[in-house]
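Here the structure is laid out as structure tokens; the discussion comes afterwards.
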Amino acid sequence: MSTEDFPTDRPAVVTCGLPYANGDLHIGHLRGYIGADAFARALETLGQETAYVSGSDMHGTPVAVNAEQEGIDPEEFALRWHEQYQETFPKFDVDFDNYGHTHDETNTELTQEIVRTLDEEGYVYEDEILVAYDPKADDYLPDRYVEGTCPYCGAKARGDECDEGCQRHLEPGEIEDPRSVRTGNPAEYRERTHKFFRVSEFADYLTEFLDGLEGTSNARNQPRQWIEEGLQDWCLTRDMDWGIDYPGDDGAAEDVVLYVWVDAPIEYISSTKQYTERVGADEYDWEQVWTEEGEIVHVIGRDIIQHHTIFWPAMLEAADYTAPRAVAATGFITINGKGLSTSRNRAIWAREYLDEGFHPDLLRYYLTTTGGFQQDVDFSWDAFQEKVNGELVGTVGNFWYRSLLFAYRNYDGTPDTAVSDEVEARIEDAIDAFTGGVNDYSLRDVGNATTRLAQFGNEYIQRNEPWKLTDEEPDRAAQVIRDCVQLAKATAVLLSPIAPGKAQALWEQIGEDGEIADAHVEDALAAPRDSFDKPGELFAKIEDDRVAELNEKLETRIEEAASDDETEGGDGAPADGEIESDDTASEQSTNMTDTDDLEPLAEDRIGFEDFQDVDIRVGQIETAEGIDGADDLARLEVDIGFETRQVVAGIKQLHDLDELPGTQCILLANMEPAELFGVESNGMILAAGEEADLLTTHGDAALGEKIK
RNA sequence: AGCGGGAUGGGAUAGCCAGGAGAUUCCGGCGGGCUCAUAACCCGCAGAUCGGUAGUUCAAAUCUACCUCCCGCUACCA
């Protein structure tokens with residue numbers, strides 16, 4: 001690790017969080033893989049020796065559980081996803097120098113070697129812990145095989161983390177009221193011997209490590225709090241058989257494997273090693289990077305900061321490997337302002353994007369330059385269109401095309417004169433901005449450096465009006481166009497990390513040989529070829545009706561997923577494949593009407609008898625008071641003629657409780673009693689919508705009168 | 001309520017971490033220009049208490065405290 005600016009003379013390795021071999025890739029995943037890819041390419045453009053590696057994460061209970069449900073071997077299950085990922089990445093120009101997986105031989109061996117080192121160095125101890133066990137099925141239940149209640153916040157939680165509540169990582173045995181995910185049986189705890197890593201000993205080291213860590217601020221700040229709260233030792237093993245065996249025979253028993261988060265990050269090293277094995281240590285030396293000096297940059301999602309800033313650096317330090325230089329944690333992606341949800345099919349799937357026929361560079365540009373790296377970024381087809389049409393088509397593409405076309409028509413290529421000082425200086429500024437962006441881990445800055453340069457190009461050509469000069473002042477015209485060709489070349493070089501395909505196309509248009517991916521920033525200033533062929537337009541506008549169509553497809557799909565959810569009892573599986581778009585498109589499809597926000601009307605009709613089962617009465621609120629600790633809930637006493645009922649209602653925020661007593665209300669009287677926040681509720685007050693607009697009577701209905 | 005992220009001209013965003021002239025860029029609006037270019041591009045304008053309050057400071061969008069509101073996930077949707 002060093003703090004010297006990029007490029008340094010040490011090799012760098014860029015990684016992205018390992019895709020978990022358990023489902024389809026969507027735009028949220030892509031943000032990380034594309035971001036890391038663009039960052040790695042940008043480093044190379046700066047002249048930094050760089051490897052970009054990753055691999056599929058094959059182990060862990062979700063893979064085992066899902067494989068079991070499909071009745072196939074976990075390895076087969078995970079490999080299937082692994083292969084699909086490998087096919088998908090190139091389609092987005094995500095170009096790994098090596099892409100392995102955690103179950104391969106390299107990773108298995110290296111993981112065992114590293115764990116053995118931890119053990120030998122005295123960082124591992126054994127302890128007896130309680131493990132959930134399903135007595136009926138004679139089955140131990142690690143991690144997500146068990147679910148129950150979070151001991152910290154009381155939310156429903158999975159065995160290894162409180163995914164729906166406080167997001168805490170849970171150690172085995174912590175979860176309360178455990179039940180088996182497989183059988184639903186209540187689980188009991190049994191004593192088992194497991195291996196623990198003394199993470200707690202690394203508090204000081206980690207504090208210092210974080211002080212020097214580059215990347216995004218969230219990756220530095222969050223772990224500091226965890227350290228202050230006190231680090232717990234980390235359980236390295238699990239009672240299951242899908243995973244990597246704990247090294248050695250003495251072993252902590254049969255049926256124990258390493259926790260998936262032990263071998264997963266080690267894949268970063270393994271994958272680098274495989275790269276060296278393929279190209280030779282002369283070309284790229286994994287040992288130098290990982291055991292001597294190298295610039296290690298981890299690009300991850302912000303949900304796995306803990307693993308990369310606590311467990312992982314502690315392991316590296318304990319096993320005497322190089323510490324990461326940077327951890328850059330991306331924010332999440334939202335779709336049309338709402339959270340991406342795979343179970344509700346509110347997502348843009350990788351395959352879907354490709355099926356729509358869009359060039360990968362458009363998405364690459366959007367994802368890397370919209371919002372900061374650690375910011376959550378919203379995706380909408382409208383914003384996508386705006387970004388593409390405005391910046392890629394209008395600014396960059398237009399500048400490229402008008403410059404080159406003019407040059408081709410009048411000079412058969414580049415005019416024979418030197419670049420002007422002004423333009424040269426402007427390109428140098430852009431290179432500085434590009435370099436600064438890389439060093440700040442800001443791809444947006446990197447992208448903007450290019451767009452602004454193209455913007456300058458448009459302004460420059462406009463200001464100098466070469467079309468007026470060709471006859472009267474041929475020398476000046478030649479100068480201007482010479483400058484523009486240089487600017488086109490420079491923008492292509494600087495844009496190549498983000499839009500490698502389009503940059504390559506421009507590279508070819510101006511007659512350059514080889515790959516623009518091999519170009520360095522200095523090539524932005526190198527003289528262009530004397531002649532080139534007639535250029536073409538590299539970016540096409542996205543038309544409005546196309547966007548309308550895409551919006552509609554998305555909406556339709558989300559609705560279908562929602563109704564599937566209701567009718568099928570909510571298995572939550574995303575509808576796969578393409579959804580037929582409805583031809584009854586109306587102009588309203590792009591504008592959300594008010595009813596779009598409402599719950600759809602129920603399809604199923606009920607009989608009068610069903611309605612008879614519902615006993616709704618007129619009541620009057622006698623008293624109303626807030627419930628301690630609850631935000632919206634109020635405890636009400638409601639007089640319904642026959643008796644006064646205690647009811648809990650979520651209306652506190654919307655109503656002044658002092659004004660409620662005396663108000664008539666409508667009460668569903670034969671609701672099953674329920675307990676909320678320790679308060680029994682004996683009925684349900686009717687109210688409309690999110691605002692909890694209270695229903696009442698407007699005539700002289702008596703208390704206890706039935707609603708019919 | 002918990003965790004996380006926000007609150008900047010009509011909309012979307014930058015700047016804040018390393019405080020210093022009332023503030024970026026994009027879209028939209030208005031006016032103008034140009035015609036090489038994909039109705040593209042260029043120029044000008046439109047006037048916003050940088051969420052609120054109180055501090056620190058010679059100086060705060062930028063630091064501190066408190067508050068309000070918004071978004072995501074989750075929750076208490078009876």
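The sequence lines fix the lettering, A, B, ..., with proteins before strands; numbering per chain opens at 1. These numbers were taken from a predicted model, which means no experiment stands behind them.
- Here the separation of rG9(B) from rG5(B), taken at their P atoms, is 22 Å to the nearest Å.
- Comparing the C1' positions of rA39(B) and rC45(B) gives a spacing of 22 Å, expressed to the nearest Å.
- With a 3.5 Å ceiling on both atom-pair distances, rC17(B) lacks any Watson-Crick or G-U wobble partner.
- In the set rC36(B), rC27(B), rU38(B), the nucleotide with an atom closest to the side chain of Glu386(A) is rC27(B).
- Between the CD1 atom in Ile300(A) and the OG1 atom in Thr216(A) there is a gap of 7.0 Å [rounded to 0.5 Å].
- Using the Watson-Crick or G-U wobble rule with both distances under 3.5 Å, rA23(B) pairs with nothing in any strand shown.
- Contact record, Gly32(A) with Val299(A): O-CG1, 3.9 Å, taken as the closest heavy-atom pair.
- Using a 4.0 Å heavy-atom distance criterion, Phe399(A) is classed as making no nucleic acid contact.
- Between Phe532(A) and Tyr408(A), the gap from one ring centroid to the other reaches at least 6.0 Å.
- Nucleotides rA21(B) and rA61(B) have their C1' atoms positioned 14 Å apart, rounded to a whole Å.
- Within the 4.0 angstrom heavy-atom criterion, only backbone atoms of the sugar-phosphate kind lie near Gln455(A); the bases stay farther away.
- The pairing partner recorded for rU38(B) is none, the criterion being a Watson-Crick or G-U wobble arrangement whose two distances lie under 3.5 angstrom.
- Ranked by how close their nearest RNA chain B nucleotide is to the 5' end, Lys541(A) and Glu391(A) are led by Glu391(A).
- When the P atom is compared between rA59(B) and rC42(B), the two are found 42 Å apart, to the nearest whole Å.
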All N/O pairs under 3.5 Å across the protein-nucleotides 12-15 of chain B interface:
from    : atom 1 : to        : atom 2 : distance (Å)
rA14(B) : OP1    : Arg444(A) : NH1    : 3.0
rA14(B) : O3'    : Arg444(A) : NH2    : 3.3

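- Residue-level contact check: Glu537(A) touches the bases, meaning some heavy atom is under 4.0 Å from a base atom.
- Of the P atoms belonging to rA54(B) and rG47(B), the separation is 29 Å, rounded to the nearest Å.
- Partners of Arg476(A) under the salt bridge (Lys or Arg N to Asp or Glu O under 4.0 Å) rule, at least two apart in sequence or in another chain, do not exist in this structure.
- Taking atom C1' on both rG15(B) and rG55(B), the two are 23 Å apart, rounded to the nearest angstrom.
- Residue contacts shown for Asp376(A) are absent, as no nucleic acid heavy atom lies under 4.0 Å away.
- Between Asn389(A) and Arg302(A), the one whose closest nucleotide on RNA chain B sits nearer the 5' end is Arg302(A).
- Taking the C1' atoms as reference points, rA48(B) lies 14 Å from rU24(B), given to the whole Å.
- Classification of the Phe379(A)-Tyr366(A) ring pair by plane angle, with boundaries at 30° and 60°, yields perpendicular.
- With distances taken from any side-chain atom of Phe406(A) to the nucleotides rC41(B), rC36(B), rU25(B), the minimum falls on rC36(B).
- Summarising the geometry, the separation between OH on Tyr460(A) and P on rC36(B) is reported as 19 Å, rounded to the nearest angstrom.
- In this structure, rA60(B) forms no base pair with any nucleotide, since neither Watson-Crick nor G-U wobble geometry is met with both distances under 3.5 Å.
- For residues 463-476 of chain A, proximity to RNA chain B is found at Glu465(A), Trp467(A), Lys468(A), defined as any non-hydrogen atom under 4.0 angstrom from a strand atom.
- Nucleotide rC30(B) forms a pair with rG44(B), judged by Watson-Crick or G-U wobble geometry with both contacts under 3.5 Å.
- Applying the Watson-Crick and G-U wobble criteria (two distances, each under 3.5 Å), rA1(B) pairs with rU74(B).
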